[in-house]
Amino acid sequence: MDTVPSALSPAQWPGLDGAPRRRFSLFVMGDVRIEVRATLPDVRFSDVTADRLAYAPARAMVAGTAVNLARCATGYFRRVSVLAKIGDDDFTPVIRRELRRIGVRDRLRVEPGASNGVTVMLRERPGGEGPGVRLLVAEEDAPGRRLTESEVHAAAAGIRRADVLFADGYALLSPVSRAALHAAARVARDAGTTVAFDLVPHDIDARLPAIDVLPLLSLAEIVVSEAPTLARLLGHAPPAGSGEVRDLLPALDRAVPGRPLWLLRFGATSLEYVLAYQRERLLAEYPSGYREDVERTGFGDRLVSGELYWWLSRR
């Protein structure tokens with residue numbers, strides 16, 4: 001068994017680029033889409049006042065919350081599975097080939113006759129104040145919003161065998177996939193599988209009332225969130241620094257029963273530092289490893305993969 005260096009943070013051990021030995025099994029439930037990404041090196045969104053043609057590096061890829069995490073997680077976990085609902089078009093075999101290529105077990109559910117969801121991500125020219133603004137355009141009526149409870153139960157054996165079920169808040173945005181998410185969490189809890197939950201989108205407080213979000217947080221044993229997102233959801237002012245994040249902790253204990261492990265991101269861009277907290281106990285505070293010269297896209301998935309591995313190893 002690997003020895004966990006107690007003085008090191010997850011960003012130091014196992015680190016952001018994979019573990020020295022892959023262990024544990026991870027079952028990911030989330031979104032799978034075709035995504036077009038481009039960074040506009042000569043454009044600031046605030047300067048665009050008319051139609052413009054911009055030549056810039058661009059690529060299309062299989063993405064979505066589930067695939068993005070799974071790509072990083074395969075460097076840490078011995079077995080990674082993905083459950084998602086996808087469409088039935090020319091992109092479907094492309095999606096399945098990509099899961100095979102990265103070494104992920106395909107638990108996909110196909111909706112006959114439906115198109116796969118498409119996302120467009122544009123990032124403007126980096127400025128003096130950070131990496132630049134990201135514009136993410138996501139097709140609203142994508143198949144992932146129609147993943148059902150029965151489809152979750154059909155994949156229940158995989159959830160029960162896993163060490164961790166990881167899901168995210170995009171499933172909460174549809175009543176159908178919200179019910180499926182709750183079903184998956186209950187299957188995991190009954191089987192002793194750790195439930196980890198990523199509180200996204202980061203403006204979820206503007207999209208859903210807290211009453212639609214807090215019940216799922218109560219089922220989770222690990223909750224990952226930007227501290228400002230969680231603060232707004234609970235009706236508090238977004239915290240600016242470590243002290244204000246600590247002031248938020250009693251509100252978490254009041255709002256969510258049980259003993260979830262909170263991994264709260266904060267800092268200038270809500271990603272530089274992490275505070276780990278579990279009911280009346282501040283467990284750790286550490287730098288995430290994110291800096292201006294680090295690629296932001298995908299960094300959160302690298303970080304949470306290492307954190308899950310770290311906490312499982314400590315237990």
Side-chain angles (χ1 to χ4, degrees), residues 4-17 69 72 126-134 166 168-169 196-206 210 213-214 217-218 220-315:
V4 183
S6 59
L8 299 183
S9 73
Q12 296 171 300
W13 186 98
L16 300 172
D17 297 313
L69 177 64
C72 297
E129 299 180 354
V133 173
R134 180 187 72 168
F166 189 92
D168 64 75
F197 181 73
D198 187 6
L199 187 60
V200 289
H202 301 304
D203 63 349
I204 195 170
D205 58 290
V213 181
L214 294 179
L217 299 185
S218 300
E221 293 159 272
I222 300 176
V223 179
V224 179
S225 176
E226 291 187 355
T229 300
L230 199 50
R232 292 192 304 269
L233 184 69
L234 298 180
H236 292 257
S242 175
E244 293 182 20
V245 175
R246 293 174 185 233
D247 292 341
L248 177 66
L249 303 181
L252 300 183
D253 291 343
R254 290 192 297 269
V256 180
R259 295 176 53 81
L261 168 66
W262 301 92
L263 299 177
L264 305 178
R265 281 82 161 100
F266 67 97
T269 66
S270 297
L271 192 53
E272 288 79 1
Y273 299 96
V274 182
L275 188 148
Y277 173 76
Q278 190 171 41
R279 189 162 291 274
E280 300 181 353
R281 292 182 61 211
L282 180 61
L283 302 179
E285 184 176 326
Y286 50 89
S288 68
Y290 178 73
R291 306 177 306 274
E292 285 189 10
D293 60 340
V294 174
E295 173 61 43
R296 187 175 181 90
T297 301
F299 182 87
D301 295 310
R302 295 168 60 200
L303 177 61
V304 76
S305 296
E307 286 173 324
L308 291 174
Y309 185 97
W310 193 80
W311 287 103
L312 286 170
S313 299
R314 287 176 60 90
R315 292 201 310 186

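These numbers were taken from a predicted model, which means no experiment stands behind them. Values below: every heavy atom of this structure, side chains too, minus hydrogens, waters and symmetry copies.
Rounding to the nearest 0.5 Å places CG of Leu234 at 8.5 Å from CG of Leu217. Taking OH of Tyr273 as the start and CD of Glu285 as the end, the distance is 9.0 Å to the nearest 0.5 Å. Rounding to the nearest 0.5 Å places CD1 of Ile204 at 12.0 Å from CD of Glu226. A distance of 14.0 Å separates CD in Glu272 from OH in Tyr286, rounded to the nearest 0.5 Å. Summarising the geometry, atom OG belonging to Ser242 is positioned 8.0 Å from atom CG belonging to Leu282; distances are rounded to the nearest 0.5 Å.
The shortest distance between side-chain heavy atoms of Asp253 and Tyr277 falls below 4.5 Å. Put simply, the side chain of Leu199 reaches to within 4.5 Å of the side chain of Val213, judged on heavy atoms. Inter-residue side-chain proximity for Asp247 and His236 is flagged as unmet; no heavy-atom pair is nearer than 4.5 Å.
What you find for Trp311 and Ala276 is that their closest heavy atoms are CZ2-CB, 3.7 Å. Ala11 and Gly289 get closest at one heavy-atom pair: CB-N, 4.4 Å. In terms of heavy atoms, Ser313 sits closest to Trp13 at OG-CH2, 4.1 Å. Contact record, Arg265 with Ser270: CB-O, 3.1 Å, taken as the closest heavy-atom pair. For the pair Phe166 and Asp198, the tightest heavy-atom approach, listed with the atom from each and the gap, is CZ-CB, 3.6 Å.
Residues satisfying the salt bridge (Lys or Arg N to Asp or Glu O under 4.0 Å) criterion with Asp301, sequence neighbours excluded, are absent altogether.
For the pairing with Val304, the side chain to side chain contact (heavy atoms under 4.5 Å, CB included) check across Leu69, Leu263, Ile222 returns one residue only, Leu69. Applying side chain to side chain contact (heavy atoms under 4.5 Å, CB included) to Trp262 and the options Val224, Leu249, Val223 leaves one that passes, Val223.
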